[in-house]
Structures are given as C-alpha cells and as structure tokens.
Protein chains: 2
Amino acid sequence: MTDPGTNQRGATESYSPVLPDDVEELVGAVLERVAAAELSLTTAESCTGGMLASILTDVQGLSGVFERGFVVYSDPAKCELLGLAQADIDRCGAVSEEVAVAMAEGALANSRADIAVSTTGYADDGPVPGLVHFACARRDGPTTHRVERFGAIGRGPVRIESMRVALQMIESVL
Amino acid sequence: MTDPGTNQRGATESYSPVLPDDVEELVGAVLERVAAAELSLTTAESCTGGMLASILTDVQGLSGVFERGFVVYSDPAKCELLGLAQADIDRCGAVSEEVAVAMAEGALANSRADIAVSTTGYADDGPVPGLVHFACARRDGPTTHRVERFGAIGRGPVRIESMRVALQMIESVL
C-alpha cells in the first residue's frame, strides 16, 4: 500500500477529499433524498471549517440541493451571521449544546434552506480534543442535538468523523 | 500504486483532503504569512463550495487566521449574505469578473477580516466547464481579479486547481 501522504499527490485521480467509503455513500444518499423531497440544505460550521459544505457540493448534478453555508470560526461570526448572543456563548461556551442548537436554528433563520446542520467542537486542541456538538434543525420541525467524544484522534479524523454524524443527522430528519 | 478510490479509504492516515504537494505547502505558507502580519481571512465561495475555507482551517495552530467564510451557491445567498444585486448577477452572469469582485468586496464588508478571496465558476457543467473567476480584496486596498479556463478536467480537479489560484491571490496582496 502506498502512502497517501506522498506518492499519490499530484495524480489527477487523487484530487478529491478522501472520505471513507461509507461516508461517501452517505453523502450521495442524503443528497438524493433531499433532492427527491425537493428540500434544500444549509450548514453552520465551526470546527469542520467548511468541509461539510464542501462535500455537500461535490456531487455532480446534486449541488443545487445546497442553498448556502456559513463557516463561523470566530464568535463575532457566530453572532453577526447567525444571530447568536455573545453573552450566551460566554455563558455556555462556544463548544456546547446551546451554541450548536443556536447555530443550526440561526442558519435556518438566515437562509432559504429547509434543513440546517451545525458543528462546533475541538478538533485537536482545546480542553477536550475530539469533543464535537452537532445540531440539526428543520423548518417547522424540532431541532435535534448530538454530542460525540471522538478523543484525541487528530484533526483530520475528527473532521471526517464529524461528516458522518452530520450526514446521519440530516438523514434522521428526512 | 494502489487506487485511491478504493483501497485506501477507511485508513486513518487517508482522512484528510488529498492536495497536491505544492498546494499543501502553499496553504501553510500563506497562513503563516497572514498570521505573522496579524491579518485575517474570509472567503466567498460559489463553485468551490467551502473547500477553500476547509483547507484554510485545517492547519493546527493557524486556524485562528480564518475569520469567517461564506458558501454562496445560490443567487439569493450571494445577494443576502454579500450584498450583491440580483439585477447585476442577471446582467453579468453569476460566473463573471463583476460577480467575483462583488463577492470578494461583499465578504470584506460583511466580515471583520482584512483579506477576502472569492470563487465563482463552472466545475464540470455549465456552458464553459472549468471556467472560474477569482477576486481578492484587501481592506483599504485594490481588488484584483483573475480568470482561469481549466477546461473539462472534472469537478474535483477544477476545485483543487482553484485552491492553488485562490492561495496565490492571497499571497499576492500580502
């Protein structure tokens, strides 16, 4: 087996994010179900930094399902783009159920999409490496929350594992 | 050489986006220079769908350089998040110099970042597959524009090649 970190870079075939098979299948399945239901998606990402939006727009013919995405790394971004209150972030912590829920609901409120999913967590730093809170909001429906403790598995793996969870959460509200 | 599309998925080491070596080096170099200058970045992405934000937030210790990102796939997203006028999009086309420039300047106006870079193009569909317009705006500085015609090289490669150009544009305004 070759080392994906060296040998394969530069080869045209390797020019896409390398996702585990089940996550790649999940992306396609979720996008097809959202499209079939004539719904659209939005994302509010902190620790995943745009990766979720990136994979949700990377399937030919289905990228129209994605309406818009917010990458809200900083607290001011969370407040100004999604309507969170800095006092609430200070009280609950940026990595918390409350902030994840507010991010998902704020993404719905600030988009035309039907379903919003959010991520906020510590990738490979912070007090609890691998702790990620997720929320999924559907217009006129309840908002769900999930928390995962992936542990200190590294920045890349935390982000990829977060993809799987976020996709499962979208699937669960369809 | 193994096939990156099958054998390697699922291996923990392959859990990060596979970028060509020079692009990966460019990400680190650009982030370090932006951090050293105590500046921050924002992105406004259409055809790259969050991939640029994702790679700009994937370097440990340097993710604070990234202030916020906008994934503006739809015209309403471009208008509502970045202040574009639908009439201008209709007149110039969503894939145009005018829209790329307005996206970069709109990202600056709607963030606290110092430098904004935008992408709008056709990945593997549309009238001109591989046509991508880029703009880079710096607060109190001029906005630069660049257009690339990558050709019908496929969705993934267009997105990756766009990473290189966007990073070069950030570098050029530092």
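Keep in mind it's a predicted model, so treat the numbers as computed, not measured. Just so it is clear, the values below take in all heavy atoms, side chains as well, and ignore hydrogens, waters and symmetry mates.
The distance from the OH atom of B/Tyr73 to the CG atom of A/Leu56 is 10.0 Å, given to the nearest 0.5 Å.
Side-chain contact between B/Thr57 and A/Arg159 is present, with heavy atoms from C-beta onward closer than 4.5 Å. With contacts defined as side-chain heavy-atom distances shorter than 4.5 Å, the pair A/Met51/B/Met51 does not qualify. Residues A/Pro76 and B/Glu67 meet the side-chain proximity criterion, which asks for heavy atoms closer than 4.5 Å. Side-chain contact between A/Lys78 and B/Arg68: absent, with no pair of heavy atoms (C-beta onward) separated by less than 4.5 Å.
Interface check for chain B: of the options A/Leu81, A/Thr48, A/Asn110, the most heavy-atom pairs under 4.5 Å are formed by A/Leu81. In terms of non-hydrogen atom pairs under 4.5 Å with chain B, the most contact-rich of A/Asp124, A/Asp125, A/Val72, A/Leu52 is A/Asp124.
With hydrophobic clusters built from ILVMFWY side chains whose heavy atoms lie under 4.5 angstrom apart, B/Phe70 does not share a cluster with A/Leu41. Grouping the Ile, Leu, Val, Met, Phe, Trp and Tyr side chains by contacts below 4.5 angstrom, directly or via other members, places A/Phe134 apart from A/Leu82. Taken together through direct or relayed side-chain contacts under 4.5 Å among Ile, Leu, Val, Met, Phe, Trp and Tyr, A/Val65 and A/Leu19 form part of one hydrophobic cluster. Note: the hydrophobic cluster containing A/Val173 does not contain A/Val147 (ILVMFWY, side chain heavy atoms under 4.5 Å, direct or indirect links). Side-chain heavy atoms closer than 4.5 Å link hydrophobic residues (I, L, V, M, F, W, Y) into clusters, and following such links, even through other members, never connects A/Val128 to A/Ile153.
Heavy atoms of A/Val59 lying under 4.5 Å from chain B belong exclusively to its backbone. Using a 4.5 Å cut-off between heavy atoms, B/Asp22 makes no contact with chain A at all.
Between B/Gly50 and A/Ala53, the shortest heavy-atom contact is CA-CB, 4.4 Å.
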